[in-house]
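Beneath this line is the structure, given in structure tokens, with notes to follow.
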Amino acid sequence: MLRMSTLFLRTLRDDPADAEVASHRLLVRAGYIRRIAAGIYSWLPLGYITLRNIERIIREEMDKAGFQEVHFPALLPRDAYEKTNRWSEYGADIFRLQDRKGGDYLLGPTHEEMFTLMVKGEYSSYKDLPLSLYQIQTKYRDEPRPRSGIIRGREFVMKDSYSFDLTDEGLSQSYNKHRDAYIKTFDRLGMRYNIVSAMSGAMGGSRSEEFLAPCPTGEDTYVLCEKCGYAANVEAMKTVVVAVDFSSAPKMKIVDTPDTPTIDSLVNVLNEKFGSGYTGAQTLKNVLLIADGKNISVLVPGDREVDLKRLEANLPGVKEIRLFEDSDFAKNPSLVKGYVGPQDAQKFGLTVYADPRVAPGTSWVTGANKKDRHALNVVNGRDFTVDDYVDAAEVRKGDTCPECSAPVVIDHAIEIGHIFQLGRKFAQALDLTVLDSDGKSRVVTMGSYGIGVSRAVAAIAEQTHDEIGLCWPAEVAPAQVHIVATGKDDNPFNVADSLALTLEKLGVSVMLDDRRDASPGVKFKDAELIGNPIIVVVGKALAEGKVEVRIRRSAERREVLIADAASEIAKLLP
RNA sequence: CGGGGCGUAGCGUAGUGGCUAGCGCGCCUGCUUUGGGAGCAGGAGACCGAGAGUUCGAAUCUCUCCGCCCCGACCA
């Protein structure tokens with residue numbers, strides 16, 4: 001039982017000046033967390049209980065699914081990360097340190113290597129598979145910009161699991177088992193979430209889905225089709241390529257378009273000289289970039305920007321990408337800034353990527369590769385050649401769903417889980433093989449599954465709080481019931497105490513405000529701020545032998561007889 | 001890393017060259033009070049982020065550094 005008279009807790013009346021988002025503000029005000037440095041927080045009793053509640057739920061669901069818990073050090077030697085190249089690839093995001101002998105160490109940002117090596121050390125037969133292991137661990141990443149309190153920290157708690165299988169079908173099954181376990185976990189955590197198609201990112205791999213908790217302060221943007229349920233991270237959103245018949249398209253024509261280096265200026269001149277009706281959507285934007293040292297051109301409709309994140313995510317193998325600068329134009333005189341067109345692009349040494357919206361057979365107004373001149377009726381497949389199609393244009397609300405063609409909506413969310421099929425990358429690099437039934441050695445295939453545990457505290461707070469405080473789901477809250485004793489006589493305190501004991505016997509966790517020196521107003525405000533789901537007030541109603549039961553979330557109140565209170569309250573809980 | 005803002009007591013803040021740095025919350029003592037962040041009286045708590053400089057005199061002006069927040073870049 002948590003007794004407020006002795007609980008290590010000080011709530012704050014004012015919002016902390018350095019907190020912006022609701023979860024951060026309220027977790028600090030309600031005395032759950034305190035900032036130590038940017039992106040690094042301490043957990044006070046209430047916060048730590050909440051965090052452990054979430055861990056407990058995750059553990060229970062992982063164990064139920066048959067996954068086994070292990071634990072690695074957070075402090076790791078360099079060599080394991082050397083073999084997979086990540087000592088260098090992870091770059092500045094890794095916290096590095098040295099021991100007294102000058103040996104290199106790191107604080108683990110993620111533990112693929114350790115899991116792979118652990119399995120390699122113990123298992124060597126196909127009969128040992130499939131296997132899934134997990135850990136709940138503090139991870140460290142030197143984020144360029146920690147933000148939003150506990151949502152994006154430099155130290156954070158994560159549950160990560162890995163599955164080990166012999167075959168692709170096996171991996172698929174392990175993946176689905178994790179997916180099911182995640183659904184059960186997030187349901188119990190009382191979160192709203194969407195499972196969206198995602199890119200597996202820098203880790204490589206194939207199938208990938210994210211669990212996104214919608215909320216306005218979320219950093220992730222995703223599309224959702226309300227008609228068919230299709231959901232995808234914007235990076236992973238697919239656009240269907242639909243070829244158009246161009247046999248009746250008029251011939252390409254070069255026209256004078258003085259001073260039209262931008263889409264807006266071009267549209268104005270087109271409308272002045274060739275009649276109205278031209279819009280940016282009919283023009284073709286040629287965005288020149290340098291991808292790992294090679295010049296590429298990305299074609300998107302003129303009314304859309306290139307989404308560099310999407311482009312990068314959809315150009316596998318490309319590490320670094322940047323826009324053309326003036327010096328790059330200087331090196332390539334055939335490329336005229338503001339008047340670039342895809343005609344002859346390959347002759348100029350460009351690789352041409354087109355967004356699927358620039359479908360085969362579509363006709364465009366685009367640059368003529370000469371200053372102050374543009375070309376009309378430039379048809380894809382007739383007047384220029386696309387080397388490859390790649391999703392690169394910004395995604396907008398109302399874009400068509402790739403599954404059912406209905407308009408999609410766009411929303412923000414916090415990424416709380418990510419599951420993906422890693423494949424054989426790490427097993428290959430670290431030589432994790434098992435002998436198959438034919439006596440041949442085979443590389444194991446892996447899946448990777450993460451849940452942001454400390455982030456979930458913030459995400460739940462974001463989704464459930466209101467103007468007056470936190471508002472936890474019952475399984476997550478520091479206590480399921482918050483009993484407030486009011487008045488100056490001993491009686492209410494005695495009644496509250498015995499009610500608390502009765503509830504605990506029923507398996508209900510209780511926080512008891514037994515402070516004799518605090519006024520009722522203070523106790524009510526604190527109870528609401530702290531956010532336990534049921535608040536019981538023992539005070540005035542005692543005159544009729546009753547206590548008041550309040551539902552924090554709905555603010556609903558009712559009075560029940562003391563004798564019935566414990567069983568009535570227990571009924572309200574899951 | 002680019003742009004913007006900020007650093008004064010545990011928290012929120014006032015103080016643009018001149019007395020001993022002010023206020024609210026919180027904290028301590030006493031009395032009163034107890035259903036919506038109580039009242040009165042007394043009290044403790046600040047090397048004004050750090051260093052250097054200008055000045056008779058610096059929280060206040062200058063420079064450097066450090067830290068924090070926000071936007072962007074970045075990000076299993």
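Chain identifiers are assigned alphabetically (A, B, ...) following the order of the sequence lines, protein sequences preceding nucleic acid strands; residue numbering begins at 1 within each chain. Computation of the quantities below employed the complete heavy-atom set of this structure, encompassing side-chain atoms and omitting hydrogens, waters and symmetry-equivalent molecules.
- Nucleic acid contact for A:A541: base, since at least one base atom lies under 4.0 Å from a heavy atom of the residue.
- Nucleic acid contact for A:R147: base, since at least one base atom lies under 4.0 Å from a heavy atom of the residue.
- Under the 4.0 Å criterion applied to side-chain N and carboxylate O atoms, A:K309 and A:D307 are not assigned as salt-bridge partners.
- Ionic pairing of A:R558 and A:E556 is present here: one or more N-O contacts between side-chain nitrogen and carboxylate oxygen are shorter than 4.0 angstrom.
- Screening A:S161, A:S174, A:S163 for a side chain to side chain donor-acceptor pair (under 3.5 Å) involving A:Y449 leaves a single residue, A:S163.
- Residue-environment remark: NZ (A:K184) stays at or below the threshold of 12 foreign heavy atoms within 6.0 Å.
- Positionally, the nearest nucleotide of RNA chain B for A:V537 lies more toward the 5' end than for the other of A:V537 and A:I36.
- An OP1 or OP2 oxygen of B:U34 is reached within less than 4.0 angstrom by no side-chain nitrogen or oxygen of A:S519.
- In summary, A:K337 and A:D328 do not engage in a salt bridge, as defined by a charged side-chain N under 4.0 Å from a carboxylate O.
- Using a 4.0 Å heavy-atom distance criterion, A:P16 is classed as a sugar-phosphate-only contact.
- Evaluation of atom-type donor-acceptor distances gives a pair under 3.5 Å for the side chain of A:R141 against the base of B:A76.
- Comparing the C1' positions of B:U20 and B:C47 gives a spacing of 16 Å, expressed to the nearest Å.
- For RNA chain B, no neighbouring residue in residues 447-458 of chain A is found when judged by any heavy atom under 4.0 Å.
- At a threshold of 4.0 angstrom between heavy atoms, the contacts of A:A518 include nucleobase atoms, whether or not backbone atoms are also involved.
- At the heavy-atom level, A:R322 lies nowhere under 4.0 Å from the strands shown.
- Atom P of nucleotide B:A76 and atom CD of A:E112 are separated by 11 Å, given to the nearest angstrom.
- Residue contacts shown for A:E528 include a base, since a base heavy atom lies under 4.0 Å away.
- Looking at residues two or more places apart in sequence or on another chain, you find a side chain to side chain contact (heavy atoms under 4.5 Å, CB included) between A:R396 and A:D303, A:R304, A:E394, A:D399.
- B:C23 and B:A9: their C1' atoms are spaced 12 Å apart (whole Å).
- Across the protein-nucleic acid pair, A:R34 atom CZ and B:C11 atom C1' stand 9 Å apart, rounded to whole Å.
- Look at the C1' atom in both B:G24 and B:G15: the space between them is 15 Å, to the nearest Å.
- The salt bridge (Lys or Arg N to Asp or Glu O under 4.0 Å) pairs that include a residue from residues 16-27 of chain A are A:D15-A:R25, A:D18-A:R35, where partners are two or more places apart or lie in different chains.
- Residue contacts for A:E219: at a heavy-atom cut-off of 4.0 Å it reaches no nucleic acid atom on any strand shown.
- Cation-pi geometry between A:R78 and A:Y105 is not met: the NZ or CZ atom fails to fall both under 6.0 Å from the ring centre and inside 45° of the normal.
- Listed in residue order, the members of residues 478-493 of chain A having a heavy atom less than 4.0 Å from RNA chain B are A:T486, A:G487, A:K488.
- Taking the P atom of each, B:G10 and B:A50 are spaced 13 Å apart, rounded to whole Å.
- If you take CZ of A:R515 and P of B:A38, they are 11 Å apart, rounded to a whole angstrom.
- Rounded to an integer number of Å, the gap from CD1 of A:I535 to C1' of B:G36 is 12 Å.
- Taking atom P on both B:A38 and B:A76, the two are 49 Å apart, rounded to the nearest angstrom.
- Residue A:R550 is in base contact, counting any heavy-atom pair closer than 4.0 Å across all strands shown.
- A:D517 comes within 4.0 angstrom of no nucleic acid atom, judged by non-hydrogen atoms across all strands.
- A distance of about 16 Å separates the C1' atoms of B:C61 and B:C56, rounded to the whole Å.
- B:G3 and B:C74 are spaced 15 Å apart, taking the C1' atom of each and rounding to whole Å.
- Between A:R29 and the phosphate of B:C11, there is no side-chain N or O to OP1/OP2 separation shorter than 4.0 Å.
- A cation-pi arrangement is absent between A:R553 and A:W472, since the terminal nitrogen or guanidinium carbon is not both under 6.0 Å from the aromatic centre and inside a 45° cone about the axis.
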Can you run through RNA chain B from 5' to 3' and write each base as (, ), [, ], | or . depending on how it pairs? Watson-Crick or G-U wobble, both distances under 3.5 Å.
((((((((.[[[[.)..(...]]]].((((((.....)))))).....[[[[[..)....]]]]])))))))....
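- The distance from atom CZ of A:F524 to atom P of B:A38 is 12 Å, rounded to the nearest whole Å.
- Across B:A76, B:G36, B:C69, the shortest atom-to-atom separation from the side chain of A:R35 is found for B:C69.
- Rounded to whole Å, the distance from CG on A:D220 to P on B:A76 is 11 Å.
- A:R10 comes within 4.0 angstrom of the backbone, heavy atoms only, and of no base.
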Scan the side chains in residues 41-49 of chain A for donor-acceptor partners under 3.5 Å anywhere in the protein, sequence neighbours excluded, and list what turns up.
| unit_1 | atom_1 | unit_2 | atom_2 | d |
| --- | --- | --- | --- | --- |
| A:Y41 | OH | A:H24 | NE2 | 3.1 |

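- Between A:D514 and A:R3 there is a salt bridge, since at least one side-chain N of the basic residue sits less than 4.0 Å from a carboxylate O of the acidic one.
- Between the P atom of B:A76 and the CG atom of A:N85 lies a distance of 15 Å, rounded to the nearest Å.
- Nearest to the side-chain atoms of A:R557 among the listed nucleotides B:G36, B:G24, B:C71 stands B:G36.
- There is no side-chain donor-acceptor pair under 3.5 Å between A:D165 and A:T445.
- Between the CD atom of A:E210 and the C1' atom of B:A76 there is a distance of 10 Å, given to the nearest Å.
- When the C1' atom is compared between B:C70 and B:U29, the two are found 44 Å apart, to the nearest whole Å.
- Taking the six-membered ring wherever Trp is involved, the centroid distance between the rings of A:F211 and A:Y182 falls below 6.0 Å.
- In this structure, A:F115 and A:Y162 have tilted ring planes: the angle between them lies in the 30° to 60° band.
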